[in-house]
Structure formats: C-alpha cells, structure tokens
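First up is the structure itself, then whatever we jot down about it.
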Protein chains: 2
Amino acid sequence: MKHRQPISGDLSAIERLCIDKGVRVTNQRRVVAMVLSECCDQPDIQELHRRVRKVDPRIALSTVYRTVRLLCNKGILNRRNLGMGRACVERISDRGHDYLVELQSGKIVEFRSNEIYRLLVGIAQRLGYRMVRHELQLYVVPADETCGSVQRDPLRTRPKFGN
Amino acid sequence: MKHRQPISGDLSAIERLCIDKGVRVTNQRRVVAMVLSECCDQPDIQELHRRVRKVDPRIALSTVYRTVRLLCNKGILNRRNLGMGRACVERISDRGHDYLVELQSGKIVEFRSNEIYRLLVGIAQRLGYRMVRHELQLYVVPADETCGSVQRDPLRTRPKFGN
DNA sequence: ATATATGCAAATTCTTTGCTGCTCG
DNA sequence: CGAGCAGCAAAGAATTTGCATATAT
C-alpha cells in the first residue's frame, strides 16, 4: 500500500465517537465516518462504498464492510432493514427515528413519536427488561388508494451473525 | 419428476388463503403452508426448508424460496427481519404482532400493543397515507443489567428486490 | 390439454476471510 | 516499534434462474 495523505477537515460526529470509544482512527475509517455523517438518506453498504470511493477510490469494499461491522459492535452505527428488500447503514441516535415506507414507490419518510417511544419503554419494563433501542417501519399506501393490502414485492432478507 | 401422492389432511389456514386468492395449490405448496401454519416460532427459509423436507424430502430449496416469494406477493406471508442477524417467514395477520428481542441471549418474545397500533394508524393518516402494516422490534437487556447500550453483534442484512 | 410448477445445477449477489505489506499511536 | 489495519483475491452463504419434465385445473 502506498502512502496516502490523511484527509483534512473537521472531525465528523461519528469520528468523534470513534475517538471517544477508543476505536483506532484510520484514514479509511475517517472517510466512511465523514460520508455517513453527511448522508441525509438511507444508503446500503454498496451505495456507501460507492460514495466512499468518490473521496478515495482505493478504499476496498471489504474495508467498508469491516468498518461498518466494527462501528456496529461499538454501538456507533446500526444496520437496519427497511423491508421491501432494502437495508441501510445509519448512525445510532439517542432516541432513534423510525421509517414510513410507501409501498408503491418505495419512498421513505423518517418520523418520530415520543408517545410510541414511551410506550415501548413501558412494555420492556413490564416484561422485566430495559429497552436499548427499537426499530419500527410503517408500510403505507396513499390514502386515496383503492387497492387492498396486496404486498408490493417479496423481498429477501439475509440474516446471520457476523463475528 | 415421478408421480407423487397428494398429502392428506385438513387444509391449513394458509392453504385456505391460497385458494381464496386463486393461487394454484400444488403438493409442495401445501406442505409449505402446513408447516408454516404449525410453527410457533420464527423459522428462516433454510429452517423452513428443513422442516418441509421432513414431510417430503424431495421438495427443493428453490421451491421453498419460490413459494415464499409468491405468497409474500399475494399478501399471505411476510419475510421479516428481526435484527441481530435473524430473519423469519411469518403469516401476515390482521393487526400484526411485534417482537421483543433480548440482545444477550437472542430470546424472542411476541407482543402486541393496541395503543401503538392506533398511534401508527394516526401517523400514517396525518401524513396522507393509509397504513397497510407495520414491523416493530424492541431490543432489550435484562432490567438489572449494568452494561450500557453496547451492541451485541454486527449482523448483515441482505436486501434486494425479487422478481 | 396447457399454462404453470418443480428439481437440479449453475449463476448471481452479498459478505467474510487469509495473507502480506502498511500505519496509527 | 508493534499491534492492529487495508487491499486483493478467493472462499462462503443466501438467493435466483434456465431448462427439461411433471402437474393442477
């Protein structure tokens, strides 16, 4: 590997978290952190890699996978399934956000509900647990839609634990 | 393909739905429907195939994939991601159910909340949509747990649209 | 009878890993 | 310096598909 100039600029929120948690900050991790910090959509790993490459084309896909996995383990990132065959990498935020997914178009809208959040805390408590986080997807069709509840598409989901 | 005796017995709830929706009922689909109707856990595709094979060992994995995809499209089944690297095939039920997932052990508890359900309907409405269904996972640790919100494990999620 | 399913194996796509040379702290 | 990274290519795992044959209606 040839020498490479460290990228410049302020640290992203994610980079800050890495330092706080004692994660070694390499140049490629910095790029991934930066790209993710600037996202206002929900990229999957391949898309994330595409964007990362625009900053530094030499960063390998496997590095992105490894970085995301590491930061997931550290509680900094989360890989989230949005159903309908989509998944994304997102920053873990304190209260979290949820997604409304339009079935026909695939359009995604983020939303939050403190009421739901509080109910969830209560449910966990009542069952003897403490809530760490949650994921909620709301699948919808336009209000005027006449059609029934026919699914848009099958979607696969591939699971398994990573090390 | 050699001739094969149709399996006997009453129709499962899922088979009933297939007939109603005009889905051609083949012997292998009947087996998949039956196995799923009898599940009281959350099997993934591979596990589903394993159980299907116990009934008829000649049913191929690809058939199970195709059947699940078809029934998802018909709004009879749903493939659901439980986070932490697990996904499952489940029957779509009217109001739906949600999952509480214990992060350490991976234990899964189903729950329902009418309050949350109502809130979701309202949220969709307010945004100009009609809710078709939702998915909600609640990740927890035992109440007495001292540890923070460190993630259990990275997990992959593989998305993509099917046919 | 005939449009559709199924099995099988090969092809895709997503993800991880082994190895070796680099780099952060 | 020295433990932990990044690249690359190859291995693995999950899922789909092409094609010839079998089957439901």
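Quick caveat: nothing in here was measured; it's all calculated off a predicted structure. To find a chain, count down the sequence lines: A is the first, B the second, and so on, and within it residues start at 1.
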A:Glu47 CD to C:dT13 C1', in whole Å, measures 16 Å

Is there a side-chain contact between A:Thr26 and the phosphate of D:dA6, meaning an N or O under 4.0 Å from OP1 or OP2? yes

Provide, to the nearest angstrom, the distance between the CG atom belonging to A:Asn73 and the P atom belonging to D:dC5. 12 Å

Taking for each residue the nucleotide of DNA chain D bearing the nearest heavy atom, is the 5' side occupied by B:Gln46 or by B:Val23? B:Gln46

From OG (A:Ser113) to NE2 (A:His97), nearest 0.5 Å: 14.5 Å

Expressed as a whole number of angstroms, how long is the span from B:Asp56:CG to D:dT23:C1'? 14 Å

Any side-chain N or O of A:Arg69 under 4.0 Å from OP1/OP2 of C:dT16? yes

Verify the contact: side-chain N or O of B:Tyr65 to OP1 or OP2 of D:dT15, cut-off strictly under 4.0 Å; return yes or no. yes

Heavy-atom nearest pair, B:Leu82 first then B:Val101, reads O-CG2, 3.9 Å

Under 4.0 Å between a side-chain N/O of A:Arg79 and OP1 or OP2 of C:dC14, yes or no? no

Nearest-Å distance, CZ (B:Arg50) to C1' (D:dA13)? 13 Å

Per atom distances to the A:Arg66 side chain, the nearest of C:dG18, C:dG25, D:dT17 is C:dG18

Could you give the NE2-to-P distance, from B:His49 to C:dG7, as a whole number of Å? 8 Å

Verify the contact: side-chain N or O of B:Arg58 to OP1 or OP2 of C:dC8, cut-off strictly under 4.0 Å; return yes or no. no

A:Arg29 near the nucleic acid: base, sugar-phosphate alone, or nothing, with a heavy-atom cut-off under 4.0 Å? sugar-phosphate

To the nearest Å, give me how far apart CG (A:Leu61) and C1' (D:dA6) are. 13 Å

OP1 or OP2 of C:dT23 sitting under 4.0 Å from any side-chain N/O of A:Gln28? no

Length of the CG-P vector between B:Asn27 and C:dT6, whole Å: 10 Å

Assess the residue pair B:Asn78 and B:Glu135 against the criterion (side chain to side chain donor-acceptor pair (under 3.5 Å)); give the C-alpha distance rounded to whole Å, side-chain angles, the decisive distance to 0.1 Å, and a yes or no. CA-CA 10 Å; B:Asn78 183 32; B:Glu135 292 181 10; 3.2 Å; yes

Relative to the 5' end of DNA chain C, which residue comes earlier, B:Val64 or B:Arg24, by the nucleotide with the nearest heavy atom? B:Arg24

At 4.0 Å (heavy atoms only), tell me whether B:Ser62 reaches a base, stays on the sugar-phosphate, or touches nothing. base

Rounded off to whole Å, could you give me the CD1-to-P distance for the A:Ile45 and C:dC14 pair? 11 Å

B:Arg53, CZ: over 12 other non-hydrogen atoms inside 6.0 angstrom: no

Side-chain atoms of A:Ile59 come closest, of D:dG7, C:dC24, D:dT25, to D:dG7

Are the charged groups of B:Arg118 and B:Glu115 less than 4.0 angstrom apart, N to O? no

